[in-house]
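The structure under discussion appears below in the form of structure tokens.
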2 protein chains.
Amino acid sequence: MNLHTLNTPAALIDVGRMQRNIARMQTHLDALGVRFRPHVKTTKCRHVVDAQIAAGAQGITVSTLKEAEQFFAHGIRDIVYAVGMVPAKLGQALALRRQGCDLKIVADSLPAAQAIAAFGREHGERFDVWIEVDVDGHRSGIPPEADLLIDVGRALTGGGTLLGGVLAHAGSSYEHDTPDALAAIAEQERSRTVRAAERLRAAGLPCPVVSIGSTPTALAAERLDGVTEVRAGVYVMFDLVMHNIGVCEQSDIALSVLTTVIGHQEEKGWAIVDAGWMAMSRDRGTQRQARDFGYGQICTEAGEVLDDYLMSAANQEHGIVSRTGTPDTDIARRFPIGTRLRILPNHACATGAQHPDYHAIGDDGAAQTWPRFYGW
Amino acid sequence: MNLHTLNTPAALIDVGRMQRNIARMQTHLDALGVRFRPHVKTTKCRHVVDAQIAAGAQGITVSTLKEAEQFFAHGIRDIVYAVGMVPAKLGQALALRRQGCDLKIVADSLPAAQAIAAFGREHGERFDVWIEVDVDGHRSGIPPEADLLIDVGRALTGGGTLLGGVLAHAGSSYEHDTPDALAAIAEQERSRTVRAAERLRAAGLPCPVVSIGSTPTALAAERLDGVTEVRAGVYVMFDLVMHNIGVCEQSDIALSVLTTVIGHQEEKGWAIVDAGWMAMSRDRGTQRQARDFGYGQICTEAGEVLDDYLMSAANQEHGIVSRTGTPDTDIARRFPIGTRLRILPNHACATGAQHPDYHAIGDDGAAQTWPRFYGW
């Protein structure tokens, strides 16, 4: 099987690019003296995660307990479930720990912390719990200066739990697109999370782990004093959103969707392709950025970017390829029926999730099937 | 297993609502004297399709050859693959036909028609090909008055193929939201497709099938003279986009996502839930409609609509629930951690695709697992 014989639509991974992306992040974080814990929600693929670990990653981050179960079954013990724990999921977490998984869970409220502690005491377990810190008002977490931080810390040191550390994610880093702004939000993520750890320690509570990260802040960080580990996910593939933020080039994007031209509307300058939103996802993450790539950037089958050609609209299994600016009324001759194109995605996590398998393409064009899973 | 014990997030089908939706469409089309061929891309679930056929549907429409293969293996022979055929997929189509599948394929260009005919002659097969007609400039198809229509018809009657009919889809019906406008676009879809059939017949070509449809036009059609069959997909579940178009009530929507509250940001009036865009999809189909539902309408676990509460934002595995208008700073007491909610989706096809299984909920709250498939 190779690039030219794959059925379309198909999700491709350019293995050379992926390996360069992995090496770039690992080298950067090694130089800053912190551990790296990749977020596997981007690919949910053991072949990719094996490559991340081979390059030096220590443990993984997951967004669902199914990811924890799958990767623990694959042999990875050190796992952080980075979504707030609720009572109904504690049985599943307990089962993983009893099988030997070193699962860490997260809380950012007193009711959640108390429920975890009570469940732990009831079942003779000591859950390793990290407190989520809010560094930018983006979503979840406790502000580092809040009294609640200490209250939650105390609730996690009264039996049934260990207070393992603090964890933050500067999700608002996606809203910036200059080196200075990214360096500033990276420093904000670092300093506020470290401040939370210092306050816990000053209150006599343990806080061995200080975990932060997002792809933009991880790459923009210039110093990581007080941080013990960094988490990031999408860097392994990159995508057009990351390109617009300014942390990668289009030529770094390792994920693309292979598609075939199935028709035209010549007067409109449209080529119709067999990749619609089912293959690309509905993610329009570049819509509010400085450069809107529609549903994706068109490339040749070999991967050469075709400037000005975008997937401008999508139905479930149909995509519309058109030129920005004046319509290309010669499009039926440029891309005849049967032409194969690659499309760079807005958001690698969303596009990957639409596909049961990746097709890993080597430098010689040979394709290997790398399965990924989905669901909860 | 029942509604109250399911893990979250989970895709629920309210079976009573689904059966009423199926009966409504079938009764309407029976009264108009046409066959009904549901589009199974909405659910890709044999339990749902079995219910559609039990109610009177004749054959199915598919958006991928994988759907054709899966449903043929399940015993359905009469299948239309309603996406333009390309040469590279003819081998797959041939294999299905040789196994006994009565697969119909679609073409809207001379190169595609010629390639199908040549492949058919080469393999001693007569592919049943329908010509796609453009009734509204929405996407694909040949305008009914174009000379190309006759040229393609002739290319399909020279061996290797049978000209089985014409097929159209008024995708632009989604842009309307009044009964008059919907009736008008339904009549436009009907009359232009019938006109294409008449022109083929006048040129001495066969055109036994006249196939049209979309959920809005199928439900709005007042007469279907000259039409032999109608296709529609999303009607079986309905969704908030269809609600805004005006063809269903919120109380008709059979698909929802069950979720659990995992945290709060009280000052902002946010409840954080464990359904993000991975569970809802990134589809924001109501964004440009008269009423924007964000990522979905919040309901109680039992399904009662909570007016003014929407999923206002989503990350991969986190959703933000908030009140429209003034923030609900009492939200942590209204929806404490562990509260289970249901979310009505923007687009049932997109939301369903994120889930490996539906959980079919009966009137007594009992849950059955109905698997669905994905990929190509």
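Quantities reported herein were computed from a predicted structural model and do not represent experimental measurements. Every chain is numbered from 1, with letters handed out A, B, ... down the list of sequences.
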Worked verdict on A:Q354 versus B:Q354 for side-chain contact (heavy atoms from CB on, under 4.5 Å)
CA-CA 7 Å; A:Q354 304 297 110; B:Q354 303 298 109; 2.8 Å; yes

Residue part contacting chain B, namely of A:E132, when any heavy atom lies under 4.5 Å
neither

Relative to chain A, which segment of B:S140 carries a heavy atom at a distance below 4.5 Å: side chain, backbone, both, or neither?
both

Using non-hydrogen atoms only, which part of B:T8 is less than 4.5 Å away from chain A: side chain, backbone, both, or neither?
both

Stepwise side-chain contact (heavy atoms from CB on, under 4.5 Å) check, B:T64 with A:M278:
CA-CA 11 Å; B:T64 65; A:M278 190 63 85; over 6 Å; no

Evaluate the criterion side-chain contact (heavy atoms from CB on, under 4.5 Å) for residue pair B:H264 and A:S109; output intermediate values, then yes/no.
CA-CA 8 Å; B:H264 304 92; A:S109 74; over 6 Å; no

I need the B:L65 CG to A:N7 CG distance, nearest 0.5 Å.
8.5 Å

Taking atom CG of A:N315 and atom OH of B:Y174, what is their separation to the nearest 0.5 Å?
9.0 Å

Which bit of A:P9 comes within less than 4.5 Å of chain B, counting heavy atoms only: side chain, backbone, both or neither?
both

CD1 of B:I337 to CE of A:M85: how many Å apart, nearest 0.5 Å?
12.0 Å

Which bit of B:A279 comes within less than 4.5 Å of chain A, counting heavy atoms only: side chain, backbone, both or neither?
both

Tell me, side chain or backbone of B:P87 under 4.5 Å from chain A's heavy atoms, or both, or neither?
side chain

Once rounded to the nearest 0.5 Å, what's the spacing between atom CG of B:D108 and atom CD1 of A:I272?
8.0 Å

For the residue pair B:W376 and A:E317, what are the closest heavy atoms and their distance?
NE1-OE1, 2.9 Å

In terms of heavy-atom proximity below 4.5 Å to chain A, should B:D134 be classed as side chain, backbone, both, or neither?
side chain

Tell me which of these, A:Q265, A:K268, A:H347, A:R340, has more heavy-atom pairs under 4.5 Å with chain B than the rest.
A:Q265

Turns out that what part of B:S63 lies under 4.5 Å from chain A's heavy atoms comes down to both

